[in-house]
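In what follows, a single structure is set out as structure tokens and then discussed.
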Amino acid sequence: MPESIMTRSVREILTSPSIGSDVRVQGWVRTKRESKAGLTFLEVSDGSYFQNVQVVVPADLPNYATEIPKLHTGSSVMVLGKEVQSQGGKQAVEVQAREVSLIGACDPAIYPIGKQKMTHEYLRDFTHLRPRTNTFSAIARVRNVLSMAIHDFFQQRGFIWLHTPIITGNDAEGAGQMFRVTTLDLDKPPRKEDGQVDFTQDFFASGVNLTVSGQLEAEAYACSMGKVYTFGPTFRAENSHTSRHLAEFWMVEPEMAFADLEENAQVAEDFLRHLLGAVLEKCPLEMEFFKQRVEPAIIDTLRAVLDNPFKRLTYTEAVDILKKSGETFKYAVEWGIDLQSEHERYLTEKVFKSPVILTDYPKGIKAFYMKLNPDGKTVRAMDVLVPGIGEIIGGAQREDREEVLLARIKEMGMHEGPLQWYLDLRRFGSVPHAGFGLGFERLVQFVTGMGNIRDVIPFPRTPGHIRI
RNA sequence: UGGUCAGUAGCUCAGUGGUAGAGCCCUCGGCUGUUAACCGAGUUGUCGUAGGUUCGACCCCUACCUGACCAGCCA
């Protein structure tokens, strides 16, 4: 008989109730409120929804005196019962239990995740248990919605999802230190005559690393399939101790053939709007929670990005505005410097009060692959800056002229040898193309208002820390 | 890698050169269709580590460890 009862998720029960129907609920107890006089209330979560379902346990159940006292926060349970209209004021639907089984006990004396308030920092020590809290389960659902919105956006526009390699032979493209991948015996690696480690004897017969970006590989496919995007993990071995850096993070990198910088900027703007709209539509309870418990202005901030067109101006114009602002910055503004976060925030939060897309940066502060402007001083780069967080997207039209690209490689002191394949893309049927990169965890930070990037990825990796 | 701040009960935090504190959690009792439940009682400590100053150090000094934040690097 019980086998025929349908298991429904908490989300299903609360969002499309079927009053009077038998139902099975499986999940974890969040809180228990007891009445010795005759009732126990369980709040059960199964992770499917921000809210929990209230299970009403009557005292006449056969195991009420033996099993119910063993239920504590964190215990897993299976409940058979009926969906009914709640007599309490805080929820429309609840489950009237007919049978409650303790599946896995949880000793409250030693369980690290209690009902009391816990700091994000404390919960970082319990990476495996923190998804049992409101905050971290909400973040996981927001990550999921954002991930699918990313695919929706590009799939609707005919982009191909390209799986670029994790292990790469590319050298760092100015994107920071890389993690070496090797199977050599580190206690006694083979050495060449000059004493250097001989990587020709390594697994791939050469030195390889974990990727810092899929962009260059994405260009290869854009230059044959038109529009592609990557969405996967990337790695940086930088010794960065900040609330905005991870050693392993996810990046989204669209790349479009026959596209210039203006089209690139438009796609980036439409993309961000699509993502924010998806979260506001599909995660209203989560967003309300972040507003109440994390960042009071978060929903207003996202709406402002949705409702205001992004302001576009060149780096040179931005420098003029900053120099004439009369504002005293910690770092003085001068044409040619890389803008500091204080400058970026001044532009988005004080001058324009909207997202800003800066274009045409000095070539000296940007990567070798960005297309050189006719002025010979600037490149077709763009940064999308948003209020509260600064740069969230960086992109560029790529240099599509072989001789100019080669000159830039040499100018920056890089070796052209390993980049012959990349030069081939310009040698054989070159086309104008452009793309950008979005740090996924930075996006999640922006959307949720969470202050520390370690709290918006399930299992964070930072220098000195890899708990699981 | 530099700068700043912090480390006291399971958690969040007060605290004073002179006997270690609160709230929460937890346990027990009471009460109640409860819902951040409520009321009462109770348990809980190498005050980060090692030196030093002092009659006496959780407090002052030094070093170290750990963490957070800011900056740089970047996404």
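Everything numeric here is computed off the predicted structure, so don't read it as measured data. Letters A, B, ... mirror the listed sequences (proteins, then strands); counts begin at 1.
Atom CD of A:Glu43 is separated from atom C1' of B:A36 by 10 Å (rounded to the nearest Å). The interatomic distance linking A:Leu339 (CG) with B:C73 (C1') rounds to 16 Å, in whole Å. Between the CD1 atom of A:Ile110 and the P atom of B:U44 there is a distance of 19 Å, rounded to whole Å. Rounded to an integer number of Å, the gap from A:Gln54 CD to B:A36 C1' is 14 Å. Nucleotide B:G67 holds its C1' atom 16 Å from the NE2 atom of A:His120, rounded to whole Å. As rounded to whole Å, 14 Å separates atom P of B:A68 from atom CD1 of A:Ile453. Following rounding to the nearest Å, A:Leu39 (CG) and B:U32 (P) show an atom-to-atom distance of 11 Å. With rounding to whole Å, A:Trp250 atom CH2 is found 20 Å from B:C74 atom C1'.
In the set B:C74, B:A37, B:U27, B:A37 carries the atom at the smallest distance from any side-chain atom of A:Thr31. Listed candidates were B:G67, B:G33, B:U27. Nearest to the side chain of A:Glu121 is B:G67. With distances taken from any side-chain atom of A:Gln96 to the nucleotides B:U27, B:A71, B:G33, the minimum falls on B:G33. When each of B:C11, B:A71, B:U35 is scored by its nearest atom to the side-chain atoms of A:Arg33, the top-ranked nucleotide is B:U35.
Under the Watson-Crick or G-U wobble criterion, with both distances below 3.5 Å, B:C58 is left unpaired in every strand shown. Across all strands shown, B:C74 remains unpaired; no Watson-Crick or G-U wobble contact has both distances below 3.5 Å. With both pairing distances under 3.5 Å, B:C25 is matched to nothing as a Watson-Crick or G-U wobble pair. When both distances must be under 3.5 Å, the Watson-Crick or G-U wobble mate of B:C47 does not exist.
Across all strands, A:Glu253 comes closer than 4.0 Å to no nucleic acid atom at all (heavy-atom distances). Contact annotation for A:His241: base contact, defined as any heavy-atom pair under 4.0 Å involving a base atom. No contact: A:Phe446 has no heavy atom under 4.0 Å from any strand. If you check every strand for non-hydrogen atoms under 4.0 Å, A:Arg293 touches nothing. A:Glu441 comes within 4.0 angstrom of nothing in the nucleic acid, heavy atoms only. Here A:Glu94 lies in heavy-atom contact (under 4.0 Å) with a base. Residue contacts shown for A:Ser86 include a base, since a base heavy atom lies under 4.0 Å away. As judged by a 4.0 angstrom heavy-atom cut-off over every strand, A:Arg454 is placed among residues touching the sugar-phosphate backbone only. A:Thr242 comes within 4.0 angstrom of a base, heavy atoms only.
By the 4.0 Å N-to-carboxylate-O rule, A:Glu67 lies close enough to A:Lys70 to be salt-bridged with it. No salt bridge links A:Arg345 with A:Glu342; every basic N to acidic carboxylate O contact stays at or beyond 4.0 Å.
Put simply, A:Ser240 has no side-chain N or O that comes within less than 4.0 Å of OP1 or OP2 on B:C74. Listed pair A:Ser243 / B:C70 meets the phosphate criterion, a side-chain N or O lying under 4.0 Å from OP1 or OP2. Taking only side-chain nitrogens and oxygens, A:Arg124 comes nearer than 4.0 Å to OP1 or OP2 of B:A68. Within the 4.0 Å cut-off from OP1 or OP2 of B:C69, at least one side-chain nitrogen or oxygen of A:Asn452 is found. Checking the phosphate oxygens (OP1, OP2) of B:A71, a side-chain nitrogen or oxygen of A:Arg244 falls inside 4.0 Å.
Spacing between B:A9 and B:G15 at atom C1', rounded to whole Å, works out to 14 Å. B:A6 sits 13 Å from B:C13 when the C1' atoms are compared, rounded to a whole Å. Taking atom P on both B:C31 and B:G21, the two are 34 Å apart, rounded to the nearest angstrom.
Looking at A:Arg30, its side chain never comes within 3.5 Å of a backbone N or O of A:Ser45 through a donor-acceptor pair.
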### Query
How far apart are the C-alpha atoms of A:Phe329 and A:Tyr346, what are their side-chain angles, what is the distance that settles it, and do they pass the ring-ring contact (aromatic ring centres under 6.0 Å, His included) test?
CA-CA 10 Å; A:Phe329 295 109; A:Tyr346 184 80; 5.4 Å; yes
#### Entry: Chi angles and distances behind the side chain to side chain donor-acceptor pair (under 3.5 Å) call for A:Arg132, A:Tyr111
CA-CA 12 Å; A:Arg132 300 183 180 197; A:Tyr111 186 47; 3.2 Å; yes
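Summarising the local packing, CE of A:Met412 is surrounded by more than 12 heavy atoms from other residues, nucleotides or ligands at distances under 6.0 Å.
When each of A:Lys90 and A:Tyr122 is assigned the nucleotide of RNA chain B with its nearest heavy atom, A:Tyr122 is the one assigned upstream, toward the 5' end. The residue among A:Ile393 and A:Gln87 whose nearest nucleotide of RNA chain B lies closer to the 5′ end is A:Gln87.
Donor-acceptor pairing under 3.5 Å, judged by distance alone, is present between the side chain of A:Gln91 and the base of B:U34.
Here the OG1 atom belonging to A:Thr230 is positioned 13.5 Å from the CD1 atom belonging to A:Ile160, to the nearest 0.5 angstrom.
Between the side chains of A:Tyr64 and A:Thr40, at least one donor-acceptor pair of N or O atoms lies under 3.5 Å.
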